[in-house]
Amino acid sequence: RQVTVQRKEKDFQGMLEYHKEDEALLTRNLVTELKPQMLSGTVPCLPAYILYMCIRHADYTNDDLKVHSLLTSTINGIKKVLKKHNDDFEMTTFWLSNTCRLLHCLKQYSGDEGFMTQNTAKQNEHCLKNFDLTEYRQVLSDLSIQIYQQLIKIAEGVLQPMIVSAMLENESIQGLSGVKPTGYRKRSSSMADGDNSYCLEAVIRQMNSFHTVMCDQGLDPEIIQQVFKQLFYMINAMTLNNLLLRKDVCSWSTGMQLRYNISQLEEWLRGRNLHQSGAVQTMEPLIQAAQLLQLKKKTPEDAEAICSLCTSLSTQQIVKILNLYTPLNEFEERVTVSFIRTIQAQLQERSDPQQLLLDSKHMFPVLFPFNPSSLTMDSIHIPACLNLEFLNEV
Amino acid sequence: STQRPRPRVLLKAPTLAEMEEMNTSEEEESP
């Protein structure tokens with residue numbers, strides 16, 4: 001009888017070994033020359049896991065210089081890619097996602113018990129043995145903040161030209177144009193000439209596209225939420241600032257259209273499960289401005305209603321909107337001076353900010369909550385397209 | 001007997017700005 005002896009494959013312990021002279025090739029193939037599209041269909045954040053497995057082997061062999069060198073060239077490589085692709089949303093998302101994942105790995109496998117609560121026994125075997133990389137975690141966290149800021153800048157740059165047009169000028173409610181104040185030339189601050197008007201659907205399409213890219217690249221859900229909170233703040237600030245400067249949009253009909261547009265945005269957030277992000281709360285001043293345009297503005301009771309409703313608008317902003325308010329037709333009266341004085345008297349106790357306009361460049365501080373992965377290092381497969389054959393599985 | 005794990009050695013890291021400075025000077029040095 002023939003006896004076949006099967007050689008047992010040596011167990012892969014989730015480490016990757018490479019020769020020091022291949023480090024430049026590794027950072028080139030895995031960082032600077034890598035296209036996110038090459039990794040479609042693979043585990044999200046694959047480069048981060050590969051880098052961690054390389055760091056782990058250098059830690060295993062107690063080679064501190066190799067760890068220093070790899071982390072430094074990786075970080076410099078990521079910065080180089082971001083500089084080259086400083087208007088590429090997908091590339092920036094890809095590296096934000098990977099930098100955060102590498103940061104999470106350095107925590108999850110640090111050996112600090114606080115970061116190991118969700119680890120399996122197998123994952124605990126994959127912790128670093130010799131080195132404490134706390135200081136490198138700080139560098140990766142700082143780098144993540146820089147990448148996040150670049151991502152916001154790109155997204156804002158795409159959305160900004162659409163906002164005023166989509167939020168204040170486009171009329172999607174049928175029959176509303178008949179009740180617009182007359183005598184104003186149609187204008188748009190978002191363009192010099194030509195028909196560059198945008199409807200709200202275009203803004204929503206663009207946000208869908210941002211959302212899909214961020215999800216596909218495996219960006220942490222908490223970061224995606226913060227991106228949309230920031231973008232919604234910007235939509236709020238730009239729209240409100242325009243409203244505060246333009247008489248032609250301070251009307252009942254714009255208030256109506258604006259409230260409808262905001263409700264569409266709220267619905268979009270719910271549909272994408274982003275309603276807990278705090279994005280709607282950033283729109284509160286605009287929601288109140290839309291309501292202010294629609295409320296009656298005549299009696300002392302109306303004044304009281306306005307004061308108790310508009311808590312997110314400053315006195316200066318409320319008064320400005322009332323002054324700019326344009327009646328729809330000859331049957332609607334202008335807001336009287338005495339009505340505005342009543343409002344001012346009621347609000348004099350408020351300690352409001354001095355400036356009329358919102359700071360549309362304001363950035364909320366970003367947080368990167370720890371998000372351990374359930375993936376085990378030894379289950380990760382390196383696709384041939386990455387040209388990393390020189391990495392040895394250990 | 002259970003062996004206590006050895007304490008890990010803290011690897012000092014330059015800040016992000018220092019890293020960039022080093023990288024820039026290296027690039028300037030190389031022809």
Side-chain angles (χ1 to χ4, degrees), chain A residues 24 27 31-32 55-56 58-83 99 102-103 106-107 109-113 115-116 124-125 127-150, chain B:
Chain A
T27 43
V31 183
T32 50
I55 292 166
R56 211 188 127 215
D59 167 83
Y60 176 74
T61 56
N62 209 3
D63 191 341
D64 57 333
L65 291 178
K66 201 173 182 183
V67 175
H68 273 303
S69 184
L70 177 59
L71 278 165
T72 305
S73 61
T74 299
I75 290 163
N76 284 329
I78 295 172
K79 291 195 74 164
K80 195 173 157 188
V81 180
L82 291 165
K83 203 170 171 185
T99 307
L102 184 56
L103 175 60
L106 293 188
K107 287 177 177 172
Y109 297 107
S110 62
D112 294 356
E113 279 175 17
F115 293 125
M116 292 163 66
N124 282 338
E125 287 173 21
C127 283
L128 299 173
K129 298 276 182 273
N130 290 307
F131 302 127
D132 172 348
L133 300 181
T134 310
E135 290 200 1
Y136 277 102
R137 293 204 313 246
Q138 185 57 51
V139 179
L140 287 173
S141 172
D142 292 346
L143 179 61
S144 301
I145 294 171
Q146 279 190 4
I147 309 173
Y148 175 83
Q149 287 169 341
Q150 177 166 315
Chain B
S1 65
T2 52
Q3 209 182 349
R4 267 176 73 89
R6 228 160 21 102
R8 294 169 180 82
V9 177
L10 178 73
L11 287 199
K12 301 294 283 178
T15 64
L16 202 52
E18 287 165 348
M19 231 181 239
E20 189 161 5
E21 235 167 65
M22 285 187 285
N23 193 36
T24 316
S25 53
E26 267 171 34
E27 275 172 16
E28 278 168 4
E29 277 167 30
S30 63

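Proteins get letters first, then strands, A, B, ... in listed order; numbering begins at 1 in each.
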If we only count heavy atoms from C-beta on, is the N76(A) to M22(B) side-chain gap below 4.5 Å?
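The answer is no; the side chains never approach within 4.5 Å.
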
Taking the side chain as every heavy atom from C-beta outward, state whether E21(B) and P14(B) have any pair of such atoms under 4.5 Å apart.
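Result no, sub-4.5 Å side-chain heavy-atom pair not found.
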
Which one wins on heavy-atom pair count under 4.5 Å against chain B: N62(A), L128(A), V67(A), L140(A)?
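Result: the option with the highest number of such pairs is L128(A).
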
Selection from V139(A), I75(A), D142(A) maximising heavy-atom pairs under 4.5 Å formed with chain B:
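Of the options given, most contacts go to V139(A).
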
Steps toward side chain to side chain contact (heavy atoms under 4.5 Å, CB included) verdict (T72(A), M19(B)):
CA-CA 7 Å; T72(A) 305; M19(B) 231 181 239; 3.9 Å; yes

With side-chain contact (heavy atoms from CB on, under 4.5 Å) as the test, pick out the partner of L11(B) among L71(A), L133(A), L65(A), D132(A).
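Per the side-chain contact (heavy atoms from CB on, under 4.5 Å) rule, the option paired with L11(B) is L133(A), out of L71(A), L133(A), L65(A), D132(A).
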
Structural part of Q146(A) lying under 4.5 Å from a heavy atom of chain B
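Q146(A) touches chain B through side-chain heavy atoms alone.
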
Taking side chain as everything from C-beta outward and backbone as N, CA, C, O, which of these in S73(A) sits under 4.5 Å from a heavy atom of chain B? Side chain, backbone, both or neither.
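Neither; nothing under 4.5 Å.
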
